[in-house]
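Accompanying notes for the structure given below.
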Number of protein chains: 2
Amino acid sequence: MRKGEETRNRILDVAEAAVLQKGFGGTSIEELIVETGITKSGFFYHFKDKNELAKALLNRYIENDERIYDEIFSRARDLMDDPLQSFLLGLKLLSELVADLPNGHPGCLVATVCYYERLFDREIQETNRNAVLAWRRRFGRMFREIMAVYTPREPVDVDQLADMVSSVLEGGIVLSKTLKEPNTLAEQVLMLRIFVRMLFLPAIESPLVAVRHDQIYGTVRSGGL
Amino acid sequence: MRKGEETRNRILDVAEAAVLQKGFGGTSIEELIVETGITKSGFFYHFKDKNELAKALLNRYIENDERIYDEIFSRARDLMDDPLQSFLLGLKLLSELVADLPNGHPGCLVATVCYYERLFDREIQETNRNAVLAWRRRFGRMFREIMAVYTPREPVDVDQLADMVSSVLEGGIVLSKTLKEPNTLAEQVLMLRIFVRMLFLPAIESPLVAVRHDQIYGTVRSGGL
DNA sequence: AGAAAACTGTACCGCGGGTACAGGAGGGGA
DNA sequence: TCCCCTCCTGTACCCGCGGTACAGTTTTCT
């Protein structure tokens with residue numbers, strides 16, 4: 001029972017890395033069993049076909065993903081009481097996390113599935129959809145807390161704002177991978193942070209900035225308005 | 001000679017749609033020749049292997065993509081003289097364009113290649129990288145023009161800001177496709193527009209807003225600062 | 001008319017996904 | 001101790017697909 005779980009996870013580890021590099025269609029079961037050191041029969045004992053593998057892979061990925069967000073933002077929440085400041089800190093921590101990945105972000109399975117959709121069954125597509133909706137709810141919840149305290153400088157829809165977080169992450173991963181510039185993703189997260197800060201805070205430095213409005217606006221205005 | 005081009009393009013049309021739905025690995029040459037109404041030999045007369053097909057597909061996609069951006073932003077430039085206003089209009093036009101796609105955005109080949117990389121040769125990976133760099137240069141050029149007139153509210157790196165446009169587009173496509181919500185992409189583009197406007201303009205409505213700073217800041221401050 | 005371009009047809013190869021089973025090692029409970 | 005259940009291994013086989021080879025045919029341009 002325990003041994004089986006372990007083998008299964010080893011297969012999933014190997015499969016995840018391969019799929020993120022080559023897509024599902026580009027990943028052969030053959031290579032997975034070679035790298036895992038298992039036989040073909042052994043593989044099919046754990047997963048009855050490729051679709052089942054994909055399902056397990058995606059579910060595990062999403063769970064792990066959720067866990068990471070939970071950790072980061074709850075840690076940020078422990079350090080900062082203000083919802084905005086805690087969210088901004090969370091983004092900072094997130095940018096550091098992705099910056100520290102040795103070979104850059106390996107890729108997002110949700111995006112992989114998205115660009116492979118038609119070959120999977122409804123269930124996988126639904127799982128994927130729900131993962132994105134969970135992000136929307138997660139970040140939406142955080143933005144609602146923020147909006148209970150801060151009024152946004154511009155009228156924005158909370159869900160769309162929440163989706164912006166997912167967009168920048170997904171897009172940043174694509175850019176980072178394509179450019180082979182590992183730090184691009186972290187930079188994009190920090191750009192998003194600037195967006196959020198700018199949306200809810202009146203000026204650049206800290207929440208204590210109120211006294212400096214004139215100075216800051218003076219600068220901006222002299223810049224061309 | 002002319003006939004050949006036409007057939008080739010028909011194959012590319014069919015292939016592009018299929019690849020965006022199922023990825024390269026999930027798209028069989030078999031199905032392409034069936035849908036195109038050509039024979040296998042005919043296919044290999046035009047493309048010596050799948051890699052060559054991918055190369056042609058990607059190049060054509062990128063060219064078309066560039067053409068669309070050229071059109072949109074040059075049209076915006078004709079209507080607005082101010083670089084910021086013209087860029088903001090361009091984003092508006094872009095959001096309308098993607099909102100009008102009947103079944104939502106079909107997907108971005110650059111992202112597809114990004115999530116399939118290892119199975120292609122260096123040349124394709126370089127082409128893909130250059131496409132993203134071209135976006136960076138394009139939007140970077142536009143932001144530099146803007147910055148010659150406007151001072152950003154927060155210090156930002158031009159390249160990172162330019163990448164933000166690509167990120168939101170790529171990410172928005174992933175979200176839109178995964179959620180099966182065609183309008184999500186358009187909404188994300190408009191969120192990006194809000195970001196850019198907020199970054200370079202002092203307040204919500206127009207460049208003439210300077211008189212209302214107190215009122216706006218009053219609102220924010222009463223909200224929790 | 002003739003050459004080149006643009007195919008069709010046929011036959012074949014190897015790889016990978018997948019199926020079908022038979023059987024074996026090893027641990028845990030009766 | 002025996003048996004059963006989990007967790008595999010080994011073998012054999014099918015088929016779809018990518019790809020090759022090449023001969024022959026039609027279409028198109030000059």
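Reckoned from all heavy atoms, side chains included, excluding hydrogens, waters and symmetry mates.
Between the P atom of C/dC7 and the CD1 atom of B/Ile38 lies a distance of 5 Å, rounded to the nearest Å. Note: NZ (B/Lys50) to C1' (C/dC15) measures 13 Å, nearest angstrom. Summarising the geometry, the separation between CD1 on B/Ile11 and P on C/dA6 is reported as 12 Å, rounded to the nearest angstrom. Remark: P of D/dC15 and CD of B/Glu30 are 15 Å apart, rounded to the nearest angstrom. What separates CZ of A/Arg10 from C1' of D/dC8 is a distance of 12 Å, to the nearest Å. A/Phe47 has its CZ atom 14 Å from the C1' atom of D/dC7, to the nearest Å. If you measure from atom CD1 of A/Ile33 to atom C1' of D/dC8, you get 13 Å, rounded to the nearest angstrom. Distance B/Leu32 CG to D/dG19 C1': 14 Å, rounded to the nearest Å.
In this structure A/Asn59 satisfies the side-chain hydrogen bond (donor to acceptor under 3.5 Å, both in side chains) test with no other residue, sequence neighbours excluded. With sequence neighbours excluded, the residues satisfying side-chain hydrogen bond (donor to acceptor under 3.5 Å, both in side chains) with B/Thr184 are B/Glu181. The side-chain hydrogen bond (donor to acceptor under 3.5 Å, both in side chains) test applied to B/Arg77 returns B/Glu145, not counting sequence neighbours. Legend: residues meeting side-chain hydrogen bond (donor to acceptor under 3.5 Å, both in side chains) with B/Glu123, ordered by chain and number and at least two apart, are B/Lys55. Here A/Phe87 pairs with A/Phe73, A/Phe143 under the ring-ring contact (aromatic ring centres under 6.0 Å, His included) rule; sequence neighbours left out.
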Between protein and nucleic acid, restricted to nucleotides 20-25 of chain D and to nitrogen or oxygen atoms under 3.5 Å apart, what atom pairs and distances do you find?
none

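Within 6.0 Å of CG on B/Asp78 lie more than 12 heavy atoms contributed by other residues, nucleotides or ligands. More than 12 heavy atoms of other residues, nucleotides or ligands shown are found within 6.0 angstrom of CD on B/Gln21.
A sub-4.0 Å separation between OP1 or OP2 of D/dC7 and a side-chain N or O of A/Tyr45 is present. Between C/dA6 and B/Thr7, no contact under 4.0 Å exists linking OP1 or OP2 to a side-chain N or O. For B/His46 and C/dC7, the shortest distance from a side-chain N or O to OP1 or OP2 is below 4.0 Å.
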For residues 160-169 of chain A, dump all side-chain donor-acceptor pairs below 3.5 Å to protein atoms at least two apart in sequence or in another chain.
unit_1, atom_1, unit_2, atom_2, d
A/Asp163, OD1, A/Arg136, NE, 3.0
A/Asp163, OD2, A/Arg136, NE, 3.2
A/Asp163, OD2, A/Arg136, NH2, 2.7
A/Ser167, OG, A/Asp163, O, 3.3
A/Ser167, OG, B/Gln188, OE1, 3.0

Counting only pairs under 3.5 Å, give me each side-chain donor-acceptor contact of residues 91-115 of chain A, with atom names and distances, residues two or more places apart or in other chains.
unit_1, atom_1, unit_2, atom_2, d
A/Ser95, OG, A/Lys92, O, 2.9
A/His105, ND1, A/Gly107, N, 2.9
A/Thr112, OG1, A/Cys108, O, 3.2
A/Tyr115, OH, B/Cys108, N, 3.0

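Contacts between residues 18-25 of chain B and DNA chain C, defined by a heavy-atom separation under 4.0 Å, are absent.
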